[in-house]
Amino acid sequence: MRGKQTAALKKSNAAGIRFKKWLNKNSTAGVIFALPFIIGFILFMIVPMAMSLYYSFCRFEILGAPRFIGFDNYIKMFTDDPEFYQSLSVTFFYALVSVPLRLVFALAVAMILLKGTKLTGFYRAAYYLPSIIGGSVAISILWKRMFAEDGTVNRLLQGIGIDSHYSWLGSTNTAIWVLILLSVWQFGSSMLVFLSALKQIPTTLYEAARVDGTGGVSSFFKITLPLLTPTIFFNLIIQMISGFLAFTQCFIITQGRPMNSTLFYVVYMYQQSFNFYNTGYGAAMAWVMLILISLITLILFKTKKFWVYEGGM
C-alpha cells in the first residue's frame, strides 16, 4: 500500500514540475494572453459562420425551426430572383466608381498636406474626421436632408441664381451618385496611409531627377506613383471590400429607392433576412458575397505583379 502511495506521490510531483516548467516558458504567456481573443474568435466568428453556412441550405424564417432544403436557396437566387442581379449590379457600379474616386482624392490631398505648415496637424485631423463619422446614422440623415428638394444643395443653387427644386434622391439618374459622393467624402483613412507612404520616399530621388531636368509632373509619374503602388494596392483591397459591404448609407438615405436604383447587395440581404423573414435565403446571399469578394481579392493579388513595384525605396 505504501509503495502505491509513494508512486502516486511521485507522479503527482512530476506532473506539478512539468506544469511549472510549462508556465515558465515564454510561449505560455503568449498563449494565455491570446486565449481571450481565440475564444472570442471561435464563439463570435467561427460558430456564427458555421451556423450561417448551415442555414443557407435551409428554409429558415427566424421564428420557426430551420428545415433543410439543399441548394434550393442558391438555385432560386440565380434563376428566379431579378432583384438579386439588380442589387449585384448596383453594388458593382457603386464600388467600381466610388473606390477609385476616393483613392484619387485621398492621394491628391495627401500630396498637398505633405508640405508641412503650422496648421498641418489641424488639417490632417479635419480631413480624417469624415472617415470617423461618415458611416454613422447621423451623417446619413444629414446627407439625406442636404439633398432633399428643400435641402441645402438646392438652396445653395438658388443662392447663386439657379432655380433648382430637383429631387436628387428621387431620380434614378442621381440617387446613386449622392451615395457615391458620400463615400468619396470619407477619404481620410486612405489619405493618412498615402501620407505615411509619401514620407518614406527618399528626397534624394527627387533631387537627382531635378538635376536631370525632370519636371514635377514627370517626377510624379516616374518616381512617386511607382513607389506608391504597394500602398495603392493595400488601399484598393481595403476600400474595395468596404465598398461591396456598404450598408448604412443606402439603408438610411434611400433604402434602395427609387426603383431599386440604389439597392445595395447587403441592404437587399438584410431585407430578405429580417423584413421578409427569409433568413436562410439571406444566409445564402451572404456566402455568395463572400465568394465574390474572395475571387475579386484573388484576381487583384494575381495581377499585382504586373503593376505593383516590389523593389525597395
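In this text, all values refer to a predicted model and were calculated from it rather than measured experimentally.
Using modelled atom types, one finds no donor on one side chain facing an acceptor on the other under 3.5 Å when comparing Ser261 with Thr172. Remark: the Arg102 side chain and the Ser183 side chain contain an N/O donor-acceptor pair separated by less than 3.5 Å. No hydrogens or angles considered: a donor-acceptor pair under 3.5 Å links the side chains of Trp287 and Ser52. Of the N and O atoms on the side chains of Ser190 and Gln239, at least one donor lies less than 3.5 Å from an acceptor on the other residue. Side-chain contact of Thr91 with Tyr268: a donor-acceptor pair under 3.5 Å is absent, judged by distance alone. Using modelled atom types, one finds no donor on one side chain facing an acceptor on the other under 3.5 Å when comparing Gln86 with Asn260.
The line from OG1 of Thr297 to CD1 of Ile237 is 5.0 Å long, rounded to the nearest 0.5 Å.
Between Phe301 and Phe233, the gap from one ring centroid to the other is short of 6.0 Å.
Of all heavy-atom pairs spanning Gly282 and Ser273, the tightest one is CA-OG, 3.3 Å.
Linking Ile, Leu, Val, Met, Phe, Trp and Tyr whenever their side-chain heavy atoms come within less than 4.5 Å puts Ile241 and Phe92 in one cluster. Put simply, Val193 and Leu236 are part of two different groups of oily side chains (I, L, V, M, F, W, Y) that touch within less than 4.5 Å, one to the next. Taken together through direct or relayed side-chain contacts under 4.5 Å among Ile, Leu, Val, Met, Phe, Trp and Tyr, Tyr270 and Leu290 form part of one hydrophobic cluster. Side-chain heavy atoms closer than 4.5 Å link hydrophobic residues (I, L, V, M, F, W, Y) into clusters, and following such links, even through other members, never connects Phe276 to Val288.
Looking at Leu101 and Leu181, their side chains never come closer than 4.5 Å, going by heavy atoms from C-beta outward. Contact annotation: the side chain of Tyr265 never approaches that of Phe244 to less than 4.5 Å [non-hydrogen atoms, C-beta and beyond].
The aromatic rings of Phe105 and Phe187 stand perpendicular to each other, their planes meeting at an angle above 60°, with 30° marking the opposite boundary. In this structure, Trp168 and Tyr166 have perpendicular ring planes: the angle between them is above 60°, well past the 30° mark.
Checked for salt-bridge contact, Arg155 and Asp150 miss the test: no charged N lies under 4.0 Å from a carboxylate O.
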